Asker: 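Here's a structure for you.
Nothing here was measured: the structure is a model prediction, and the numbers come from that model. Chain identifiers are assigned alphabetically (A, B, ...) following the order of the sequence lines, protein sequences preceding nucleic acid strands; residue numbering begins at 1 within each chain.
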Number of protein chains: 2
Amino acid sequence: MSDLGESLRARGMRLTPQRSRIIDAVRALGHATPDLLAAAVGQDGGPALSLSTIYRNLEALEEVGVVSHTHLDHRSPTYHLADHAEHLHLVCLSCGVVIESPVGAADPFVGNLLARHGFVADVKHMAIHGWCRACSAKAAQ
Amino acid sequence: MSDLGESLRARGMRLTPQRSRIIDAVRALGHATPDLLAAAVGQDGGPALSLSTIYRNLEALEEVGVVSHTHLDHRSPTYHLADHAEHLHLVCLSCGVVIESPVGAADPFVGNLLARHGFVADVKHMAIHGWCRACSAKAAQ
DNA sequence: TTGAATGCAAAAAATTTGCATATTG
DNA sequence: CAATATGCAAATTTTTTGCATTCAA
């Protein structure tokens, strides 16, 4: 991340202390929503950041490719470092548990979509919803 | 739809004119968001319905199994008749086009998740995001 | 008749935007 | 010094909730 400043500057952006702190928080939490990040940044010793700064910076950092986000449900974007191991999320509609699975599990599906529609799918942008083993067993009774 | 009234009554619910009009609107539009439905219902000749009635009824009708919803993006639930042909949605992150694809395309993927995690995936609950043929071709240059 | 449903207005929750001020490069 | 970023408050957008009134069964 030493060239982060350069990546930013190359796009006319600046490396501000706020940006560094936000990146640190994303790294520390693994993945988190904007307001969780705001809370985390507020506890790193420095002054709290306004929520709008959080939002604007997550967007900026995503453009530069430092972070990216996925949606575990229809309303929470969760951010993580872009170089974080890639995996897709399975969210149980019943108990809410989140399971991580290697993206490879979707390869045949992704291949189908490409062959059939020329569509390049990013299966990890949105979580896959359904029912976990425990909940589907419960429902089967 | 003649037994809709019974299905509702069996659960202590009632068949109101508002409910019928909402179902008609869902059928007419194919699939639409709550506010689009509100607009559509408002043009069927009768009086407009309050948005809260729309929301409460979509929820009620979904419980009874008459309608169901999917999320094309992280903020718009789109409702359709439950007996409407099942398909999954591919949404282009670049141009926004929505492509429908038979759920069968996801069978191997769904099978993998079941085998690997015991997870019963409902791939059509959330749209699959990615890039359509045109946009990915453009990006390749 | 009576409990469920409606309408309206106010409350929430989650982002986004305007703008004056502070800062980076 | 000039242009980008920040902070704060206000505006949006979308959905939910309280409550008095209406209506289906």
Asker: On the nucleotide D:dA5, are OP1 or OP2 found under 4.0 Å from the side-chain N or O atoms that A:Arg19 carries?
Answerer: yes

Asker: Answer with yes or no whether the hydrophobic clustering places A:Leu88 together with A:Met126; edges join I, L, V, M, F, W, Y residues whose side-chain heavy atoms lie under 4.5 Å apart.
Answerer: no

Asker: Considering every strand and a 4.0 Å limit on heavy-atom distances, what is the contact class for B:Pro47: base, sugar-phosphate, or nothing?
Answerer: nothing

Asker: Supply the members, apart from B:Trp131, of the Ile/Leu/Val/Met/Phe/Trp/Tyr cluster built from side-chain contacts under 4.5 Å; use none for a lone residue.
Answerer: A:Leu114, A:Val120, B:Leu93

Asker: How is A:Asn57 classified with respect to the nucleic acid when contacts are heavy atoms under 4.0 Å: base, sugar-phosphate, or nothing?
Answerer: sugar-phosphate

Asker: So which of A:Asn112, A:Asp107, A:Ile128 actually passes side chain to side chain contact (heavy atoms under 4.5 Å, CB included) with B:Phe109?
Answerer: A:Ile128

Asker: Determine whether the side chains of A:Ser76 and A:His71 contain a donor N or O and an acceptor N or O closer than 3.5 Å.
Answerer: no

Asker: Any chance you could list the contact pattern along nucleotides 18-25 of chain C? Use B for base contacts, S for sugar-phosphate-only contacts and - for none, protein heavy atoms under 4.0 Å, 5' to 3'.
Answerer: B----BBS

Asker: Flag the pair A:His89 / A:His31 as yes when their ring centroid distance falls below 6.0 Å, and as no otherwise.
Answerer: yes

Asker: Assign each of B:Pro34 and A:Leu49 to its nearest nucleotide of DNA chain D by heavy atoms, then name whichever residue's nucleotide is nearer the 5' end.
Answerer: A:Leu49

Asker: Answer yes when B:Asp24 and B:Arg21 have at least one side-chain N-carboxylate O distance shorter than 4.0 Å, and no when they do not.
Answerer: no

Asker: In degrees rounded to 10°, what angle is found between the helical axes fit to the five outermost pairs at each end of the helix from C:dT1-D:dA25 to C:dG25-D:dC1?
Answerer: 40°

Asker: Do B:His125 and A:His129 have their ring centres less than 6.0 Å from each other?
Answerer: yes

Asker: The side chain of B:Tyr55 lies closest to which of these nucleotides: C:dT15, C:dT6, D:dT14?
Answerer: D:dT14

Asker: Would you kindly give the NE2-to-C1' distance between A:His69 and C:dT15, to the nearest whole Å?
Answerer: 13 Å

Asker: Would A:His69 and A:Thr78 count as having a side-chain donor-acceptor pair, cut-off 3.5 Å?
Answerer: no

Asker: Measure from CG on B:Leu58 to C1' on C:dA5 and round the result to the nearest Å.
Answerer: 15 Å

Asker: Taking only N and O in the side chain of B:Ser50, is any of them less than 4.0 Å away from OP1 or OP2 of C:dC8?
Answerer: no

Asker: Just verifying a value: how many Å separate A:Arg9 CZ and A:Asp3 CG, rounded to the nearest 0.5 Å?
Answerer: 10.0 Å

Asker: Which sits closer to the 5' end of DNA chain C, B:Arg75 or B:Gln18, going by the nucleotide each is nearest to?
Answerer: B:Gln18

